[in-house]
There are 2 protein chains.
Amino acid sequence: MSDTDDPQADDPQAARPHTGRRRNEAAHRAILDAALHLLAESDGTPVTIDAIARTAGVGKQTVYRWWPSKGAVLLDALTDRADRDVSDHPDTGALRTDLRAFIETTFDAAQRSTTASALRTVAREAARDPHLADLMRTFTETRRSALHELLTRGRERGELAGDADLDLIVDQVYGVFWYRFLLGHGPLDTAVAERLADTLVTGNDAPGPATRS
Amino acid sequence: MSDTDDPQADDPQAARPHTGRRRNEAAHRAILDAALHLLAESDGTPVTIDAIARTAGVGKQTVYRWWPSKGAVLLDALTDRADRDVSDHPDTGALRTDLRAFIETTFDAAQRSTTASALRTVAREAARDPHLADLMRTFTETRRSALHELLTRGRERGELAGDADLDLIVDQVYGVFWYRFLLGHGPLDTAVAERLADTLVTGNDAPGPATRS
DNA sequence: TGATTGTCGAGACTGTTAGTCTTGTCAACC
DNA sequence: GGTTGACAAGACTAACAGTCTCGACAATCA
């Protein structure tokens, strides 16, 4: 985000390219690192902008010069991490295995201790911060459509009924994930991932005994 | 909650240690009503204690004399409403129909406009208020065990595999519900309720009685 | 070199809100 | 009539998001 500045070379609009001191890339990184660090530490307790600025050795205004709100900083820090995690979900050729891998990866990534508290904290902040809530909506939307795509592939291969409600399946996966992740009343381990994946494909595609005509 | 006080008439328990003015039941109700009213109005925007007190025509201290925190008031107001809603889920004798009814009732109750914003607001506040989060945990736990019971009945009747993961099924239902309810990216209507119920029992139990039209 | 422009760190300031404390009043019981 | 404790009103404290100000400094231009 926010690299709308500093067209060193040619600005077609105006004659003057850029005068004055340039933005400090190091400060940008320091803020992101500080946010991620604090996010990883804090288990649930909200992370304050003052703390981020102080940890980064930066003025508060500098934070607000790069990001529009606290939520934006937090989400940026989180995705900085999460995007490294999600990576690619391989196409194994079979829906069941694809789905298992996807869910397992999701569960694992979210529970790596550093990511876990970050994700939890951001989710909590999003509940109160409409700006962040909006950013989170795109964040989750991205994940949902990745899963949706995976399911579409499976359906095209005939591994799901033609009239299967893919959106519902997607939400069953992420619903269980977030519900357990935020409330913490049940496990999100490999066994659950496999059971969940199997349940979702079994309804329409039998592993052995055909269940439905 | 909190009716441990003030038996207007005669306390059979010997000498009353209580002197001084008695607590005002009307104020108690007024606070609850005000909270529910504001909760129903506010769509997402947090409800403040000042607003509740002002609306109820009551001093802030009076609120805190009856409840330990803002969250407690809100949840009390919400359950005051929700308990009237949830009521009883009839035993129709067939898991599929029981489950459909349960899910549909849940979806419907949560989306009645007055309840919807209340539930949403309380959920949002719970994300920040650890005290309220705790109360919410028991709140959700209660609903989960009601559904778990329903599923157990079905399993005993042989309508679910003996090794089915009932907790996972429960969390698929409530996971989808909360996920869609809070993010609002997908519908929570009758069609979804039926599809979800069918998916959850179909994996292990063939469609028995003809219910579809 | 010096002027101009815009970023920097530091921190004061504003506005909001949860929760506490204070004050003077009023109701219940002795 | 005196004691006690709930009452309404509202001042007060402590956090915190976000804005504003200031003096320092860096990049560019004249």
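Since the model is a prediction, treat every value here as computed from it, not as a measurement. Letters A, B, ... mirror the listed sequences (proteins, then strands); counts begin at 1.
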Distance in angstrom units between A/R22 CZ and C/dT5 P, rounded = 17 Å

Sorted by chain and residue number, the side chain to side chain contact (heavy atoms under 4.5 Å, CB included) partners of B/E141 (sequence neighbours excluded) come out as B/R144, B/S145

Among all residues two or more places apart in sequence or in another chain, which pass the side chain to side chain contact (heavy atoms under 4.5 Å, CB included) test with B/T114?
-> B/A40, B/R81

Under 4.0 Å protein heavy-atom contacts per nucleotide of nucleotides 8-19 of chain D, with B for base, S for backbone only and - for none = BB------SSBB

Aromatic A/F139 / basic A/R143 pairing, under 6.0 angstrom, 45° off normal = yes

What's the CZ-C1' distance between B/R21 and D/dA6, to the nearest Å?
-> 6 Å

Which residues share a side chain to side chain contact (heavy atoms under 4.5 Å, CB included) with A/L182, sequence neighbours left out | A/R120, A/A123, A/W178

Between C1' of C/dA18 and CG of B/L132, the distance in whole Å = 13 Å

Among residues two or more places apart or on two chains, list those pairs meeting side chain to side chain donor-acceptor pair (under 3.5 Å) that have a residue in residues 126-135 of chain B.
-> none

side-chain hydrogen bond (donor to acceptor under 3.5 Å, both in side chains) with B/T106: which residues, sequence neighbours excluded?
-> none

Gap between atoms CD1 and P, on B/I52 and C/dG19 respectively (whole Å) = 11 Å

Any B/W66 side-chain N or O less than 4.0 Å from OP1/OP2 of D/dC7 | yes

